[in-house]
Structures are given as structure tokens and as C-alpha cells.
Protein chains: 2
Amino acid sequence: MNERKQHVLRKAHQLFIEKGFQATSIQDILEYSGISKGTFYNYFSSKNELLIAVCKKSVADLEKMRDDLLIGQSPSDIEVFIKQIELQLKLNRKNNLITLFEELMFSDDKDMKQFFKKGQIKNIRWLYQRFIDLFGEEKKLFLLDCAIMFMGTLRDNLRYSNLAYQSNTNIAEVVRYTVNRLVKIVDEVSEANEQLIAPETLETWLPSKKPGPSFKKELHHLVASLKNSLPGTDQQESQTELLSFIEEELLDSKNPRRFLIESTMAALTSLGDPIWENNLRQLKRLIADYFIKIEEMKENG
Amino acid sequence: MNERKQHVLRKAHQLFIEKGFQATSIQDILEYSGISKGTFYNYFSSKNELLIAVCKKSVADLEKMRDDLLIGQSPSDIEVFIKQIELQLKLNRKNNLITLFEELMFSDDKDMKQFFKKGQIKNIRWLYQRFIDLFGEEKKLFLLDCAIMFMGTLRDNLRYSNLAYQSNTNIAEVVRYTVNRLVKIVDEVSEANEQLIAPETLETWLPSKKPGPSFKKELHHLVASLKNSLPGTDQQESQTELLSFIEEELLDSKNPRRFLIESTMAALTSLGDPIWENNLRQLKRLIADYFIKIEEMKENG
DNA sequence: TATAATTTTATACTCGTAGTCCAAAAAGAA
DNA sequence: TTCTTTTTGGACTACGAGTATAAAATTATA
């Protein structure tokens with residue numbers, strides 16, 4: 001995204017924070033960011049799209065900062081989790097994200113609603129996965145419910161604390177209180193063995209970026225062919241290992257490390273055998289396709 | 001409100017349910033309800049005001065039905081509470097109240113926002129008072145927090161159940177699940193002795209409809225005068241009792257029963273004494289004013 | 001540097017909707 | 001009947017989103 005467009009984005013965001021989305025007219029944005037109408041519609045196809053862009057940017061920043069807090073920390077440390085939540089709330093407040101998001105939710109625009117929904121669900125999924133870190137795989141069955149309830153209570157606790165204490169609301173206190181409830185609820189609900197929504201549902205809400213069965217099949221087939229076409233040389237073992245590693249990294253890792261896979265591919269030597277060469281080319285193409293798809297998904301959803 | 005105006009209200013509500021508020025134009029409403037523009041603006045000063053009227057009506061109906069469920073039942077019976085919640089959710093769904101309310105929340109219109117806020121808080125207060133019925137005065141300190149959290153979890157549990165199970169969501173199941181969490185949380189939170197927002201805050205959010213100190217003073221003064229001007233007859237005692245009853249009912253009861261007070265007033269006989277008569281007239285006026293004020297408050301807020 | 005391609009500007013224009021105004025018609029009441 | 005109130009319907013205003021476009025400015029290229 002070019003610098004000028006980003007400048008417009010920032011200026012518009014400022015206006016949205018000050019006046020709200022609806023109350024900000026295109027004209028306001030043009031004047032405030034010093035561009036012409038033509039340019040505006042060159043950058044964004046509509047006012048709604050601009051709002052989505054603003055939200056996307058804020059969310060991306062927020063997710064990055066929040067995930068950075070985990071670096072070098074134990075994922076099961078609840079204090080780290082609390083820090084992450086506090087950060088989110090503070091950024092939300094700063095960027096008026098909540099209000100903007102809510103304007104997304106209740107417009108007639110399909111795209112906006114869609115985007116909002118996806119954002120919510122991504123948030124829930126993040127909570128769910130963090131809860132697995134915090135409370136253990138064995139509680140898994142109940143953790144989607146807990147994520148949903150945590151979200152709801154946190155939002156309302158914060159909202160009404162704001163109402164009660166105005167701008168003096170102590171975010172840390174609200175988070176602490178809500179997290180205290182959470183840990184009890186997690187125990188209680190798994191004790192009672194009650195489930196409302198099965199965690200697998202997440203998959204249907206937000207199809208995973210993991211490759212589908214056809215990808216798995218093709219990958220496995222290619223790797224097997226390559227292994228078979230290896231000559232009985234001393235290279236055989238190392239090449240087999242490399243191939244196995246690539247397959248594993250692609251299938252079993254949550255976020256396959258691209259640089260690793262590509263350097264591993266480079267280590268697969270040329271053998272002169274046409275079958276080997278052909279399979280190798282196909283494997284390369286398959287992997288490239290895979291990463292293209294991943295990138296697309298990241299951008300669109 | 002005249003019949004024709006109500007007809008417009010109903011028709012508009014139907015359109016709002018079908019297409020949403022924003023997407024329904026004034027023109028749509030005019031055609032669908034068969035009135036002219038002039039008449040419309042004669043009834044409602046704006047589209048927003050119409051929406052508020054629609055919501056007000058729905059909320060009033062809902063509150064009435066919900067409170068009727070308590071008649072002849074024990075307020076501490078949690079099954080009755082569950083029935084009340086289920087009823088609310090079903091009516092919400094039928095009338096698309098949630099969506100309409102949310103359109104209220106995120107408009108630029110001050111009045112709409114105000115109305116929405118008040119509705120939310122009234123709901124929380126109702127929950128809070130029901131929780132006192134259910135869990136006892138001794139838990140009071142924590143019950144506002146619990147009301148807020150209950151609201152949040154219920155809303156989100158329902159929302160995501162709808163997402164997961166489409167239209168097949170079993171409202172009863174969601175309510176049961178959420179109430180089960182509630183009773184545990186109430187115990188847990190009072191055990192831990194943690195409070196986020198003090199229940200007194202409710203008073204500042206939604207000033208009570210109880211009469212102010214000046215009303216109390218005037219009432220007490222009039223009653224005392226009346227008692228004093230009573231002649232020493234055998235009627236004296238019963239008349240004094242009647243007067244005391246009226247004063248108590250007005251001051252100490254949460255919702256003074258109008259019919260009771262009025263029939264009691266009627267039982268206060270005419271004595272011929274001008275001071276007595278004068279005071280009696282003033283008392284009548286005071287009581288009438290009181291009920292007028294109550295009615296006004298019910299309508300406006 | 002000259003020329004071609006592109007991006008940007010400024011402005012006029014369309015379109016749709018909320019809300020106002022008002023004179024004439026219709027309906028009700030005296 | 002006559003006076004009053006309500007209703008009608010259409011013209012009109014205001015405003016904001018989005019389109020169209022020709023001219024100007026900028027950037028790339030030969």
C-alpha cells in the first residue's frame with residue numbers, strides 16, 4: 001500500500017475516532033487529508049471499504065503487539081495472558097476500535113458485516129487457543145464455551161465499569177476480576193461436564209488454513225515416488241530424511257516455516273534421473289501453490 | 001395513541017423486521033401503511049422517533065408478559081426466572097428487538113442512544129432485583145456484577161449458538177446452561193468476596209421513581225393535620241388507621257397500589273369540619289399528582 | 001530532454017433519502 | 001350548513017455518496 005494511501009487511512013482514522021464513522025463525511029476526509037475526491041475513489045471504492053481498511057490495519061497492529069507479548073514467555077503463565085488482554089483493551093480504547101467495529105456490525109453492507117463477524121470469530125479462536133495453553137488440552141471440550149463467555153463478561157464488565165467510573169475505570173482491575181471468574185468457571189464447567197458448543201464448530205466458522213485432504217494425498221504420493229526413485233547410493237538416507245522432514249513440516253506443523261522448507265528443498269540434489277527430476281518439479285510447484293494459498297488467506301480473512 | 005397511529009407503528013415494525021431499519025425508507029412505510037407523508041410527520045417528528053416508538057412498544061409488551069409470569073409464583077423459584085428469560089429471548093427473536101436495539105445504539109442521534117442506554121440499564125436493574133429474590137439479600141453486594149455478567153454471557157451464548165446451530169438453536173438449552181453458570185458464579189463471587197461495581201451505582205444510573213423529600217414532608221404534614229382535626233368520636237380510631245395506611249403504602253411500598261389507596265381515600269368520611277375538608281382535598285390532590293408523575297415516568301423512561 | 005503513460009485535481013452531475021411546506025380535499029363536529 | 005381538524009400529495013430543500021471527465025501535474029521511458 002503506497003505511502004499516500006496510508007496517510008489517508010491514518011487521517012480518516014483520526015476523524016473516525018473524533019466524530020464517529022457515520023458522522024464523518026467524505027468531504028471531511030478529503031479536506032483533512034488534503035486529497036481530491038478523484039484520488040479518494042481511486043484508493044478506496046467506497047466509504048465502507050475505507051472503514052474496513054482502517055479496522056483491518058488496527059486489528060493487524062493489535063494482533064502483532066499482543067502476540068509479541070508471548071515471545072520468550074511461558075504460554076501457560078496466566079499473568080502473560082492478563083497482560084495481553086489489558087493491551088488489547090487499551091488499544092481498543094485508544095483507537096475507538098469497539099465503536100468502529102460496532103458500526104461495521106450494524107450497517108446494511110454485506111462486506112462490512114462479514115468482516116466484522118470474521119473478526120469476532122478470530123478473536124474467539126485466539127482466546128480458545130490461549131485457554132488450551134492456560135488450562136490444558138484435557139479441558140479442551142469446554143474451552144470454546146469459556147472463550148465465548150469470557151468475551152461477553154469482559155466486554156460488559158468493562159462497559160459498565162466505564163459507565164460507573166467514567167474515564168477513571170481501572171482496566172487492570174476489570175481484567176483481573178474477569179479472569180478470576182474465568183478460572184473458576186473453567187473448573188466448574190468441566191466438573192459439571194456441560195458443553196454448549198463443541199470446539200470443532202470453530203472449524204466450520206473459520207475454515208482452517210491447513211491444506212485439505214487432496215493436498216495431503218498429492219504431497220504424500222510425490223514424496224513416496226521421490227523416495228522410490230532414489231538410487232542405492234550413500235546419498236539415499238540423507239535425501240530420504242530431507243523429504244520426510246518437508247512432509248512433516250507441511251502436514252503437522254501449525255505454521256509451516258517457509259524458509260526451512262525452501263532451504264530443505266534446495267538441499268535435494270539433482271540426480272539426472274528424469275522421474276526424480278519430474279517429481280521434484282511437481283513437488284516444488286505444489287509447495288509454491290500451498291504458500292500462495294496461505295498468503296491469500298491471510299490477506300482476505 | 002390513536003388507532004391509526006398504532007397501525008402505522010405496527011406496519012413499520014413489520015418492515016423493520018423484514019428489511020432492517022436503515023434499509024426501510026419513509027416512502028416504504030408510507031406505501032405499506034397507506035398514509036401520506038404529511039400524516040406521517042404529523043404522527044412522528046422523524047424516522048428515528050418512529051423507531052424509538054416501535055421499540056418502546058415492544059419493550060413495554062415484553063415487560064408486561066415477563067412480569068405476568070410471576071403472578072402467583074414464588075419469586076425465589078429459579079424455574080420461574082428461567083421461564084421469564086426464555087420468554088424474553090423468544091420475543092426478542094420474534095420482534096427482531098436485538099437488531100433494532102443495536103441500530104439504536106450506533107446512530108448519531110442523541111435521543112436514540114439515550115433511549116438504548118436506559119433500556120439496557122433497566123434490564124440490568126430488573127435482573128439485579130430478581131437475583132435478590134433468587135439468591136437472597138445477603139448476596140446483594142455481588143448481584144449487580146452478576147446481573148451484568150449474566151447478561152453478557154447470555155447474549156453471547158445465544159449469539160454463537162445461533163451461529164453454530166442456525167435456526168435450530170434450542171433457546172431453553174442455552175438459558176439452562178447460562179443459568180447453571182450463574183448460580184455457581186453467585187456463590188463463587190460472594191465466597192471470594194470480590195466486587196466490581198457497587199449496586200448503589202444503579203441509583204445514579206437510573207434515578208429511582210420514589211417521591212422526593214418534599215413529597216414526603218407534605219404528605220406527612222397533611223396526614224398529621226388530618227389526624228389532629230379528627231373529633232373525639234368512635235370513628236377516630238378507624239380514620240386514623242386509614243390515614244396511617246395511606247401514608248405507609250405511599251412511602252414504604254416499592255409500588256404503591258393505586259386502587260388500594262383510592263378505596264382507602266374513599267373510606268375517609270366527610271366530617272363537615274372545614275379544616276378537615278380542606279386538608280382532605282389537598283391530600284387528594286397530592287396523591288393524584290403523585291400518580292400522574294409515576295405514569296409520566298413510566299412513559300418517558 | 002522530449003514524449004508518453006499515469007496519477008491527481010477540480011468541478012459539475014446524478015441519484016436517493018429525510019424532512020419541510022402548503023394549498024386543497026376530506027372527514028368530523030357544532 | 002358551516003366551521004374545525006385531519007389528511008393528502010406533491011413540490012421543494014438540503015445533504016451526502018458516488019460517477020464522469022477534462023485539464024493539470026507528476027512520473028517513467030526512450
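Within every chain, numbering begins at 1; the chains are lettered A, B, ... in the order of the sequence lines, protein sequences first and strands thereafter. What you see is a predicted model; the values in this text were computed from it and never measured. Keep in mind that the numbers below use all heavy atoms, side chains included, and drop hydrogens, waters and symmetry copies.
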N/O contacts under 3.5 Å, protein versus nucleotides 8-14 of chain D?
residue	atom	partner	partner atom	Å
D:dT8	OP1	B:R4	NH2	2.7
D:dT8	OP2	B:R4	NH2	3.3
D:dT8	OP2	B:S36	N	3.3
D:dT8	OP2	B:S36	OG	3.3
D:dT8	OP2	B:T39	OG1	2.6

Could you write out each protein N or O paired with an N or O of nucleotides 23-27 of chain C at a distance under 3.5 Å?
none

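Between the CZ atom of B:F40 and the P atom of D:dT6 there is a distance of 18 Å, rounded to whole Å. Remark: P of D:dC15 and CD of A:Q27 are 13 Å apart, rounded to the nearest angstrom. Residue A:N2 contributes atom CG, which lies 13 Å from atom C1' of C:dT6 at whole-angstrom precision. Atom OH in B:Y41 sits about 4 Å away from atom P in C:dG19, given to the nearest Å. Nucleotide D:dA17 holds its P atom 13 Å from the CD atom of B:Q22, rounded to whole Å. Residue B:I29 contributes atom CD1, which lies 12 Å from atom P of C:dT17 at whole-angstrom precision. When rounded to the nearest whole Å, the span between CZ of B:F21 and C1' of C:dT17 equals 12 Å. The distance between atom CG of A:D28 and atom C1' of D:dG16, rounded to the nearest whole Å, is 11 Å.
Remark: side-chain polar atoms of B:S161 are paired, donor with acceptor, to backbone N or O of B:N157 under 3.5 angstrom. Between the side chain of B:E49 and the main chain of B:F44, no donor-acceptor pair closer than 3.5 Å is present.
Picking from D:dA17, D:dT6, C:dT17 the nucleotide with the shortest atom distance to the side chain of B:S25 gives C:dT17.
The shortest distance between the side-chain N/O atoms of B:Y43 and the OP1/OP2 oxygens of D:dT7 is below 4.0 Å.
Taking 4.5 Å as the limit, some side-chain heavy atom of B:Y43 sits within range of a side-chain heavy atom of B:N2.
Residue A:K19 places its NZ atom among more than 12 non-hydrogen atoms of other residues, nucleotides or ligands, all under 6.0 Å distant.
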**Request:** I would like to know whether B:S25 and B:D28 meet side chain to side chain donor-acceptor pair (under 3.5 Å); could you show each step before the answer?
**Result:** CA-CA 5 Å; B:S25 71; B:D28 291 337; 3.3 Å; yes
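A salt bridge links B:D61 to B:K57: at least one charged side-chain nitrogen sits closer than 4.0 Å to a carboxylate oxygen. Taking a cutoff of 4.0 Å between a charged side-chain nitrogen and a carboxylate oxygen, A:R10 and A:E3 qualify as a salt bridge. Contact check on A:D289 versus A:R285 returns a salt bridge, with a Lys/Arg side-chain nitrogen under 4.0 Å from an Asp/Glu carboxylate oxygen.
A:R93 and A:N162 form a side-chain donor-acceptor contact under 3.5 Å, judged by distance and modelled atom types alone.
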